[in-house]
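Just the heavy atoms: all of them, side chains too, but no hydrogens, waters or symmetry mates, feed the values below. Along the sequence shown, residues are numbered consecutively beginning with 1.
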Amino acid sequence: MKKKKLLALVAGVALMLPLAACGNKAVATTSGGKITESEYYSSMKETSQGKAVLQQMILDKVLQKQYGKKVSDAAVNKEYNSYKSQYGSSFSTVLAQQGLTTKSFKQQIRSQLLLEAAVRDQSTFTNKKLKAQWKKYEPKVQTAQILVSSKETAQDVIDKLNSHDGDKLKYFKKLAKKYSTDTSTKNSGGVVAAFDNTSASVDSDYMKAAFALKTGEYTTEPVKTENGYQVIYMIKHPAKGKMANHINDLKTQIVETNMNDSTFMKKVISKVLKKGNVSIKDKDLTNILDDYLTTGATTNTTSSSK
């Protein structure tokens, strides 16, 4: 199974480098002289990364003003803890590798949730769109996996399951601890995080094979994925139920689809920035938002049936 990646924000920066206010205060001193805030700022604003940081800071400000009440500290902490749980003992190392701290990563999460609130506000949820999403909808399922490197080994695992007369799940977990090469799940008997049809962290072939199983079933043929060969056990596959009972889920999935649509996202950001009355005071940076604020970047984006 793939781990979901740490967030990549709209401006394309993971590390929020500070753009210091102009001044003569030293940022650093050397035997060759000092580097002032003004010098640092002048240097940073000429770089693509420095401009991306400013874009993100501006976007964060206007999003917070327009949608801040919809993003609570509890929501931020919940998402943070989800990443922390997923990466386990390696979480702090992963953060460090990305140049992040707990504080800066939580700020990224808040930025993402604010942007998601804006996308939801500007998404349309017509009955036609909801019905189309319903055709693709799968409720969250709970599975266990055994990952091996060869098709022959996977088939051997399946043969052992077929010949076992007792508790299949209990035996599956025993086999996972013995055979699985996935060190992140084998000690828990191969159990992986629950997922639905929108989960980006799940291999598409794994997902397809899993959704075809009912509760208590397992794949009777090795499943080839990007990670190797897998045997999948369906621990819990809830009934799909009726569309009327999953309207909120369908809306969330539509929002997630829109979040991955670069054209839609550009329209959302353009509308948010225009409403935010952004004024760039540094003449060298006056064009920094042109990609979003030019006439061609904006089209009408309406919302309905929120």
Side-chain angles (χ1 to χ4, degrees), residues 1-5 79 82-83 85-88 130-164 166-243 245-257 259-260:
M1 302 295 287
K2 301 180 287 183
K3 287 186 173 71
K4 62 179 181 178
K5 297 179 181 179
E79 185 70 9
S82 173
Y83 279 99
S85 174
Q86 180 181 266
Y87 282 91
L130 290 171
K131 285 183 176 180
Q133 192 63 38
W134 176 245
K135 291 181 179 179
K136 298 179 282 185
Y137 176 77
E138 289 285 351
K140 279 195 173 184
V141 299
Q142 183 73 68
T143 62
Q145 60 147 356
I146 297 174
L147 173 65
V148 294
S149 59
S150 72
K151 185 176 182 179
E152 291 73 22
T153 304
Q155 187 59 55
D156 184 44
V157 168
I158 292 171
D159 292 341
K160 290 180 184 299
L161 281 166
N162 289 338
S163 61
H164 185 71
D167 187 320
K168 296 284 189 182
L169 177 57
K170 185 176 181 179
Y171 187 56
F172 185 96
K173 291 182 177 181
K174 182 178 179 179
L175 292 174
K177 292 178 180 180
K178 180 179 180 180
Y179 288 98
S180 185
T181 59
D182 186 345
T183 56
S184 66
T185 63
K186 65 180 299 179
N187 291 331
S188 63
V191 178
V192 300
F195 60 89
D196 62 19
N197 57 294
T198 65
S199 298
S201 60
V202 182
D203 181 276
S204 59
D205 292 313
Y206 184 102
M207 189 181 292
K208 181 179 180 181
F211 288 146
L213 300 172
K214 296 178 181 178
T215 299
E217 293 182 342
Y218 55 89
T219 49
T220 56
E221 294 182 1
V223 179
K224 180 69 172 69
T225 70
E226 65 178 25
N227 300 311
Y229 289 89
Q230 290 172 292
V231 183
I232 306 168
Y233 189 100
M234 179 57 68
I235 299 174
K236 185 178 181 180
H237 192 161
K240 188 172 180 177
K242 297 180 179 179
M243 176 178 155
N245 296 328
H246 296 282
I247 298 301
N248 288 335
D249 293 331
L250 297 177
K251 288 182 178 181
T252 295
Q253 291 192 358
I254 290 172
V255 170
E256 290 173 351
T257 298
M259 291 280 287
N260 292 317

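- Between Pro238 and Pro139 the shortest heavy-atom distance is O-CG, 3.5 Å.
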Please walk me through it: do Ile235 and Leu169 pass side-chain contact (heavy atoms from CB on, under 4.5 Å)? CA-CA 8 Å; Ile235 299 174; Leu169 177 57; 4.0 Å; yes
Step-by-step side-chain contact (heavy atoms from CB on, under 4.5 Å) determination, Leu161 to Val231: CA-CA 10 Å; Leu161 281 166; Val231 183; 4.2 Å; yes
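- Panel note: side chain Glu226, backbone Asp205; no donor-acceptor pair is recorded below 3.5 Å.
- In this structure, Gln142 CD and Lys140 NZ are separated by 10.0 Å, a value rounded to the nearest 0.5 Å.
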Run the side-chain contact (heavy atoms from CB on, under 4.5 Å) test on Leu175 and Tyr233 for me, step by step, so that the C-alpha distance in whole Å, both residues' side-chain angles and the decisive distance to 0.1 Å come before the verdict. CA-CA 12 Å; Leu175 292 174; Tyr233 189 100; over 6 Å; no
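- Using modelled atom types and a 3.5 Å distance limit, the side chains of Asp182 and Ser180 yield no donor-acceptor pair.
- For the pair Ser163 (side chain) and Lys160 (backbone), a donor-acceptor distance under 3.5 Å is present.
- A donor-acceptor contact shorter than 3.5 Å is absent between the side chain of Thr143 and the backbone of Ile232.
- Within the cation-pi definition used here (under 6.0 Å to the ring centroid, within 45° of the axis), Lys242 does not qualify as a partner of Trp134.
- Aromatic ring centroids of Phe195 and Phe211 lie under 6.0 Å apart.
- The two atoms that bring Gly190 and Ala176 nearest to each other are N-CB, 3.8 Å, heavy atoms only.
- Here the side chain of Lys136 pairs no donor or acceptor atom with the backbone of Ala132 at under 3.5 angstrom.
- In this structure, His246 and Lys240 approach most closely via the heavy-atom pair NE2-O, 2.9 Å.
- Thr185 and Gln145 share a donor-acceptor pair across their side chains, judged by distance under 3.5 Å alone.
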Go through the steps for Ile146 and Lys186 under the test side-chain contact (heavy atoms from CB on, under 4.5 Å), then give the verdict. CA-CA 7 Å; Ile146 297 174; Lys186 65 180 299 179; over 6 Å; no
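- Interatomic distance, CD of Gln155 versus OG1 of Thr220, reported as 8.5 Å (0.5 Å rounding).
- Checking Ser150 against Thr153 by side-chain atom types alone, a donor-acceptor pair falls below 3.5 Å.
- Separation of atoms CG (Asp196) and CE (Met207) is listed at 7.5 Å; rounding is to 0.5 Å.
- Residues Tyr137 and Thr198 bring no donor and acceptor atom of their side chains to less than 3.5 Å of each other.
- Side-chain contact between Val191 and Lys173 is present, with at least one heavy-atom pair separated by less than 4.5 Å.
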Is there a ring-ring contact (aromatic ring centres under 6.0 Å, His included) between Tyr179 and Phe172 once you walk through the steps? CA-CA 10 Å; Tyr179 288 98; Phe172 185 96; over 10 Å; no
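- In this structure a side-chain-to-backbone donor-acceptor pair under 3.5 Å is present from Thr225 to Asn227.
- Note that the OH atom of Tyr229 and the CD1 atom of Ile158 stand 12.0 Å from one another [nearest 0.5 Å].
- The shortest heavy-atom contact between Glu138 and His237 is OE1-NE2, 3.5 Å.
- One distance of note links NZ of Lys168 with CD of Glu217; it measures 12.0 Å at 0.5 Å rounding.
- Between the side chains of Asn260 and Glu256, no donor N or O sits under 3.5 Å from an acceptor N or O.
- For the atom pair Gln253 CD and Asn197 CG, the distance stands at 4.0 Å (nearest 0.5 Å).
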